[in-house]
Every structure is written in structure tokens, then in C-alpha cells.
Amino acid sequence: MLAEASRLLQTFVANSKAFLISSFKTNGWPLVAGLILLFIFSKEVMVVAGSPKFESYHSILKEILVLFTCIFVGNPVRVAIRMGILNQTTFIVFVLAFAFSMLIFRFLHGHFQFWGILTGLVINQLFMLTCWNKTLVSKQIILWK
């Protein structure tokens, strides 16, 4: 999707914008419906995916789904800005976030199991969000206030 939107951006900005909007409208609804269903039936999903002993961890699945929803909601804006001017910066932040995750994964998983993994995901996203916002501010791109 990013490659097609970038190609369209080179030819005509309006076509690229229309492509992103239609793509997220078309592909977004099934994802939103899936996230809502997973949230509602989180206990059942944990039992089916694991076993009854994992039923008590359904709240972790709900928290991960909220995190994914936040990521999903911000994605169209990130894609549009990234393909226009911030592709290299975004790649560097992804690499740094990945390296950070690899460094702390064993510690968090070893000491806190599921909660450690969830904490690692949240820390990773906060790191990326902080870098993203810092870059936008430095480039004087204001998305909302």
C-alpha cells in the first residue's frame, strides 16, 4: 500500500490522498470489526488459543487490542507524512525501537511474563510516538492541538 501511495504521490497528490482514504475505508472496517469482536470475546479467545489456564489473562488481550486500535487510528496520517517527507526518519526510529525491544525483551519476559511483554509493547509504542512527535515538532508539522 505504501509503495502504491508513493507512486501516486509522484504523479498527483490528490490521487495519492484519495487512494489512502479509500484504502483505509475499504480495509479498515473489517479490522475494526475484528478488534471489537476480539475485545468482546477475549476470554473465549484466550481459552481457544491456549487453554483454560490462560482465561485469567484476557485483560492483557484487551489492553493489547486498545494499543493496536491507537496504532491503527494514527496510521493514515503517519503513512501520508512518511511517504512525503519522513521516510528515512521513520526507518531510523523503527530500527532504534526494534533494537531497544531486543535489549529488554529477555528481562521483561523473564521477570514479568505476559505483563512484561505488554509493558515492552507499550514502551516500544511510547518510544516511537515520542520520536515521531519530536520529529514533527522539529519540522514544524502540527497535526492537532
Review point. Just how far is it from atom CD of Glu44 to atom CG of Leu61, taken to the nearest 0.5 Å?
Key: 11.0 Å
**Study point:** Shared hydrophobic cluster, Val45 / Leu67 (ILVMFWY, side-chain heavy atoms < 4.5 Å)
**Key:** yes
Review point. Side chains of Asn133 and Leu136: closer than 4.5 Å at any heavy-atom pair?
Key: yes
Point to revise | Any side-chain heavy-atom pair of Asn124 and Met128 under 4.5 Å | key: yes
Study note, to complete from the structure: Hits for side-chain contact (heavy atoms from CB on, under 4.5 Å) against Phe98, two or more places apart or cross-chain, chain-then-number order -> Met102
Review point. Are Phe41 and Val66 connected in the hydrophobic side-chain network, where two residues link if heavy atoms are under 4.5 Å apart?
Key: yes
Point to revise | Qualifying residue, where the test is side chain to side chain contact (heavy atoms under 4.5 Å, CB included) with Ile64 and the options are Ile117, Leu118, Leu38 | key: Leu118
**Study point:** Contacts of type ring-ring contact (aromatic ring centres under 6.0 Å, His included), residue Phe105, not counting sequence neighbours
**Key:** His109
Check your understanding: Would you say Ile60 and Trp115 make side-chain contact, with heavy atoms under 4.5 Å?
Key -> yes
Check your understanding: Is the count of non-hydrogen atoms from other residues, nucleotides or ligands lying under 6.0 Å from Phe127 atom CZ greater than 12?
Key -> yes
Check your understanding: Taking all non-hydrogen atoms of both residues, which atom of Gly50 and which atom of Phe54 are closest, and how far apart?
Key -> CA-CD1, 3.8 Å
Check your understanding: Rounded to the nearest 0.5 Å, how far apart are CG of Leu121 and CZ of Phe68?
Key -> 6.5 Å
Exercise for review: With rounding to the nearest 0.5 Å, note down the distance linking CG in Leu35 to CG in Leu31.
Suggested key: 4.5 Å
Study note, to complete from the structure: CZ (Arg106) and NE2 (His111) are apart, to the nearest 0.5 Å, by 13.0 Å
**Study point:** Atom pair CD1 (Ile104) and CD1 (Ile123), whose distance is rounded to the nearest 0.5 Å
**Key:** 4.5 Å
Review point. Heavy-atom count around Lys43 NZ within 6.0 Å, excluding the residue itself: above 12?
Key: no
